[in-house]
Amino acid sequence: MNNSKFYAVDSERGLHSVAIMIAENSQSFQSICEALDEMNVSCVFCSPVELKALVTAHDPILVLVDHEVIDGDGIDFCSELRNSLLDMQVPLVYLTNNEDPSEMVRAFEAGVSNIFVNSRCSELIDYLRQILESPNVPLAESVWDRGNILMVEDEDFVADALKIALIQQGHEVNRLADGSRMLSEVDRLQPDILLLDLNLPGRSGFELIAELKSSRRHRHIPIIVTSGQTDRDCVLKALRLGAEDYVRKPFDMAELSARIRNLVRIKSMHDLMKRSRIFWHDHDELTGLVNKSAMASQIRQRLVAGQSLALLIVDIDDFHRIDHGIGDKAGEVALIRVADCLNKTLPMASIIARIEGAKFAVVMKTTSRGRVELAADLIAKSLARPLYLGGQEVYLRASIGVCMAPSQATSFSGAFRCASLAVQEAAISGGRACFFDNAMDENRRIEMTLEKDILHAIERNEMRVVFQPKVDLESQMITGAEALLRWQHPKYGWISPLKMIPIAERNLAIIPIGKWVVRQACKFWLACDAIGRADMTVAINLSAKQFRDRNLVNDIMAILRQEDVPTSAIELEITESCSMENVDATQKTLTELKQLGFRLAVDDFGTGYSSLSYLTRFPIDTLKIDRSFVMNVPCDTAASAVAAGIVSLAKSLSLTCVAEGVETEQQLEFLRSLGCTTGQGYLFSKPLEMAQVLEKLRKDVSYQRMSA
């Protein structure tokens, strides 16, 4: 390290302590060294690489880290260092020029013992004197480390031992013997920490964790679970419900005290920031993350300074299904959990922000595409863990768009625009992360053209409906068909339904297009009836926007009356996520359709928001196994188990089960062995024109498999 010194430990001078420093030999450090010398403390300067060996060799009284000499994020370095120093209980002091409260909180969460600003070295010297003069007093002896603790513990001897030890450390302690009055006492005492035993008389500790964390007023109170239950599932359940820590009984008091101290310190810093109007000017009130304005300011400063960065926009897919399906409070809890997830998963991130709604942003100081891909993968895996909201298990998925600056954009607005285009592309492709490229600008221009042209696609004869046969898996006779919409644009050719449907929904073209599809399906059934196949059913997919249309039932019935088609000939398909957006409204609409005689199916079953209870509430006739499961059977154990579970569920509820995407003989045989009765896919037939399906029906022979 340039201009650094090494002060050897001189036993002849009687030095009784060593301070190890990772720092430049600046003027402020000269003052610190002189003060330490007066206190008979020897100083050892070293590089980050030398640190661990020197700590082991010298058993220092303190380690001092200057953020300016760390190659990368200084707080990340401190986190790694704290993990290696944990057994030695060595105070770790961090020097920085950054007085941002959120950065200070992040440092404390990383295990830093104290933080000082480089320009105010006198405060550090006073702190060092305090440590030296009282070497046996734990470092956590400041007002930041003494807290108001509410203990919920039914075992008297455990409660008494805990209370004595905690009071001796300066904490204020209140105790409840059961959880019946916990929320009222939390409201009255406003504790800094909740020590909660899981095995309580009256109410489960898990219930109490969930209730506290769903309270907007009290959700920021840290919970340390104390329990004799040691199995992994129990620990994970407590942490997933929102507990900050889990300590197994019988516990080590020194360890528990350290955990309490750290959480009290973090809580104190959070409380200080909450009282700051400046903090809330720059932060999101719900999650505590920085807001878009503050993030924009920081990105602008970094770009002006010539720093490189990656901006990731993380958009939670179909988040409205939680707000509509469970309730606003559940949505708020989910957003808080997403924020916590990002904070815990991405210590390498320099900024984590909530932009709006269910959209977040992450800024990383990196030019490495590999590091960004790793971060995106960590986000996806972390969000894949289930959340428990309103007594239900919820899974979240995210679309992630990435812009690398300044190589792809030199301003915040440019970077944000590029990342936004990338996240749209990620949502369309279904991938976890999508990096911006220049082709996306062209894609956006094309999309704007398509949004305009789709309004006139029917009158210009660009739309058509094809029909994919459904077959009986035993006889392989055609039993029905699914109507599939196709759009051939005169300039851009065939437009994928994955792109077409969202465009049609955005500009409400989906409503007239949906009516047109119903009419085409009616014409197909009438043609089937004319050749003696009135037993055929035609399945029609309803998009979320169509299903929420208040005129849906009247519009469909008007078309069927005009075409003289019975309702029993039509099967209406809705996706699983669509059905859960507003359960009560969904039940009402489905019941009305069922009473009119329509068959009803749940499409893509198993891929969305799963709540099996709704199957008993909704008048469903058919479950369709999503092709993502079928394509991997029987080789993939997990996919096979899901497929088997859906078939078994359908049987138990007396529902028809349809497997989508059947393409191989192995898949067919596996599905037959499960007892699945109906399938569709390229093993039997690709989607066909109406005339082609009718030709096969006329032959009235066993359905012959056709190549795509």
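Heavy atoms only: backbone and side chains are in, while hydrogens, waters and symmetry mates are out. Numbering of residues begins at 1 and proceeds along the displayed sequence.
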Residues which pass side chain to side chain donor-acceptor pair (under 3.5 Å) with [X], listed by chain and number, not counting sequence neighbours:
| X | result |
| --- | --- |
| E660 | K624 |
| E451 | R506 |
| T410 | none |
| S382 | T345, R385 |

Which distance, rounded to the nearest 0.5 Å, do you find between the [atom1] of [X] and the [atom2] of [Y]?
| X | Y | atom1 | atom2 | result |
| --- | --- | --- | --- | --- |
| K213 | I221 | NZ | CD1 | 8.0 Å |
| I316 | K359 | CD1 | NZ | 11.0 Å |
| I313 | I400 | CD1 | CD1 | 11.5 Å |
| I336 | L286 | CD1 | CG | 4.5 Å |
| T575 | N541 | OG1 | CG | 9.0 Å |
| F360 | D284 | CZ | CG | 7.5 Å |

Minimum heavy-atom separation for [X] to [Y], with atom names?
| X | Y | answer |
| --- | --- | --- |
| I355 | A361 | CD1-CB, 3.6 Å |
| L421 | F436 | CD1-CE1, 4.0 Å |
| V402 | A422 | N-CB, 3.6 Å |
| G242 | I209 | N-CG2, 4.2 Å |
| C341 | L383 | SG-CD2, 3.9 Å |
| F412 | L303 | N-CD1, 4.0 Å |

*According to the ring pair (Phe, Tyr, Trp, His ring centres under 6.0 Å) rule, which pairs have a member within residues 285-309, sequence neighbours left out?*
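As it turns out, there is no ring pair (Phe, Tyr, Trp, His ring centres under 6.0 Å) pair with a partner in residues 285-309 once direct neighbours are skipped.
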
*Would you mind checking if K381 and D377 are paired as a salt bridge, meaning a charged N to carboxylate O distance below 4.0 Å?*
yes

Partner residues of [X] under the side-chain contact (heavy atoms from CB on, under 4.5 Å) criterion, sequence neighbours left out:
| X | result |
| --- | --- |
| A210 | L241 |
| S308 | T367, P406 |
| K545 | E505, L508, I510, S543, R548 |
| E663 | Q667, Y682 |

Would a 4.5 Å heavy-atom cut-off, applied to side chains only, mark [X] and [Y] as touching?
| X | Y | value |
| --- | --- | --- |
| T96 | I75 | no |
| S368 | E373 | no |
| V290 | H283 | yes |
| L64 | D66 | no |
| L450 | K499 | yes |

*Could you walk me through whether I351 and R302 pass the side chain to side chain contact (heavy atoms under 4.5 Å, CB included) check?*
CA-CA 12 Å; I351 305 172; R302 295 180 187 196; 3.9 Å; yes

*Take R337 and L396 through the test side chain to side chain contact (heavy atoms under 4.5 Å, CB included) and record every step on the way to the result.*
CA-CA 11 Å; R337 300 287 176 80; L396 300 178; over 6 Å; no

Can a side-chain donor-acceptor contact be found between [Y] and [X] if the only test is distance below 3.5 angstrom?
| X | Y | value |
| --- | --- | --- |
| D315 | S399 | no |
| S411 | S413 | yes |
| S628 | D626 | yes |

_Those residues that, when tested against R627, pass salt bridge (charged side-chain N to carboxylate O under 4.0 Å, His left out) (two or more places apart)_ =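 Listed in chain order: nothing, the list is empty.
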
*asked:* Please check this pair: side chain of E244 against backbone of L263, looking for a donor-acceptor N/O pair closer than 3.5 Å.
replied: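 Checked: no pair found.
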
*Indicate yes or no for a side-chain donor-acceptor contact from R354 to the backbone of E285 under 3.5 Å, with no hydrogens or angles considered.*
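Not at all, since once roles are kept as given, no pair shorter than 3.5 Å links the two residues.
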
*Partners meeting ring pair (Phe, Tyr, Trp, His ring centres under 6.0 Å) with Y246 (sequence neighbours left out)*: none

*Sequence neighbours left out, what passes ring pair (Phe, Tyr, Trp, His ring centres under 6.0 Å) with F206? Give chain and number order.*
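Here no residue qualifies.
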
_For F416, does the six-membered ring have the charged nitrogen or CZ of K292 within the cation-pi criterion, i.e. under 6.0 angstrom from the centroid and within 45° of the normal?_
yes

